[in-house]
Amino acid sequence: MKPVRTIKRTESPVLSYSFEYQTIGASYAACEIAYIDTGDKGKKTTIKGSYRIPGASGPTLKLNERIKSVAEGIRKARNELRQRNKQAQIARLEMIGDYALAQGCTVQLQGFGQFDDKYFIEVATHTVDGSGYRTQIELRKVLGY
């Protein structure tokens with residue numbers, strides 16, 4: 001999805017911002033799922049599926065979950081990895097009002113150092129009060145897999 005805006009720290013009307021990077025319970029590089037199926041006749045068969053983020057290094061999430069095939073294991077591992085990593089890098093910005101900043105859109109951040117990247121708008125709040133039109137957005141980094 002193409003970003004609706006590029007928000008530059010020094011050029012855009014950013015009033016305040018904050019970033020969080022979660023290191024506990026997030027930022028996995030891979031996920032492995034294994035299940036031991038005893039079958040109808042008591043024969044034990046281990047079914048495994050795994051997914052690794054291309055080029056990533058880091059911890060591996062290991063799960064024991066019922067799967068019926070290797071393909072299902074790979075799909076579940078990839079989905080679980082995405083769910084766990086979604087909240088690894090989040091941001092909050094308050095800006096002069098901008099109608100284009102809506103939930104579900106993406107923005108490109110520039111000038112924020114290590115946090116420069118493409119972000120998904122999770123929540124957008126637009127307010128008009130005595131100090132004018134303001135937009136507050138809560139973002140999560142777009143995962144590239």
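Note that the numbering runs from 1 along the sequence shown for the chain.
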Euclidean distance, Arg92 CZ relative to Glu138 CD, rounded to 0.5 Å: 5.0 Å

Side chains of Gln87 and Arg140 in contact at under 4.5 Å (non-hydrogen atoms): yes

Flag for Ser131-Asp129: side-chain donor and acceptor within less than 3.5 Å: yes

Residues forming a salt bridge (Lys or Arg N to Asp or Glu O under 4.0 Å) with Arg9, sequence neighbours excluded: none

Pairs where residues 61-82 contributes a residue and the test ring-ring contact (aromatic ring centres under 6.0 Å, His included) is met, not counting sequence neighbours: none

Side-chain polar contacts of residues 64-74 - donor-acceptor pairs under 3.5 angstrom, sequence neighbours left out - could you list them?
residue : atom : partner : partner atom : Å
Glu65   : OE2  : Lys76   : NZ           : 3.3
Arg66   : NH1  : Tyr35   : OH           : 3.4
Ser69   : OG   : Glu72   : N            : 3.1
Glu72   : OE1  : Lys68   : N            : 2.6

Partner residues of Asp117 under the salt bridge (Lys or Arg N to Asp or Glu O under 4.0 Å) criterion, sequence neighbours left out: Lys141

Partner set under ring-ring contact (aromatic ring centres under 6.0 Å, His included) for Tyr133, not counting sequence neighbours: His126

Partner residues of Thr6 under the side-chain contact (heavy atoms from CB on, under 4.5 Å) criterion, sequence neighbours left out: Lys8, Gln108, Gln110

Reference residue Leu139; test side chain to side chain contact (heavy atoms under 4.5 Å, CB included); the match among Thr106, Ile121, Ile7, Ile90: Ile121

Over 12 non-hydrogen atoms of neighbours within 6.0 angstrom of CD1 in Ile36: no

Residue list, side chain to side chain donor-acceptor pair (under 3.5 Å) with Glu80, at least two apart or on another chain: Arg84

Separation of Phe112 CZ from Tyr119 OH (nearest 0.5 Å): 9.0 Å

Table please: side-chain donor-acceptor pairs of residues 44-61 below 3.5 Å, with sequence neighbours left out.
none

Sequence-distant partners of Ser12, side chain to side chain donor-acceptor pair (under 3.5 Å), two or more places apart: none

Euclidean distance, Lys2 NZ relative to Lys118 NZ, rounded to 0.5 Å: 10.5 Å

Separation between CZ of Arg75 and CD1 of Ile33, rounded to the nearest 0.5 Å: 9.0 Å

Residues clustered with Val142, ILVMFWY side-chain links under 4.5 angstrom: Phe120

Side chain to side chain donor-acceptor pair (under 3.5 Å) involving Asn79 - partner list, sequence neighbours excluded: none

Table please: side-chain donor-acceptor pairs of residues 93-104 below 3.5 Å, with sequence neighbours left out.
residue : atom : partner : partner atom : Å
Asp98   : OD1  : Arg5    : NH2          : 3.2
Asp98   : OD1  : Ala100  : N            : 3.0
Asp98   : OD2  : Arg5    : NE           : 2.8
Gln103  : NE2  : Glu122  : O            : 3.4

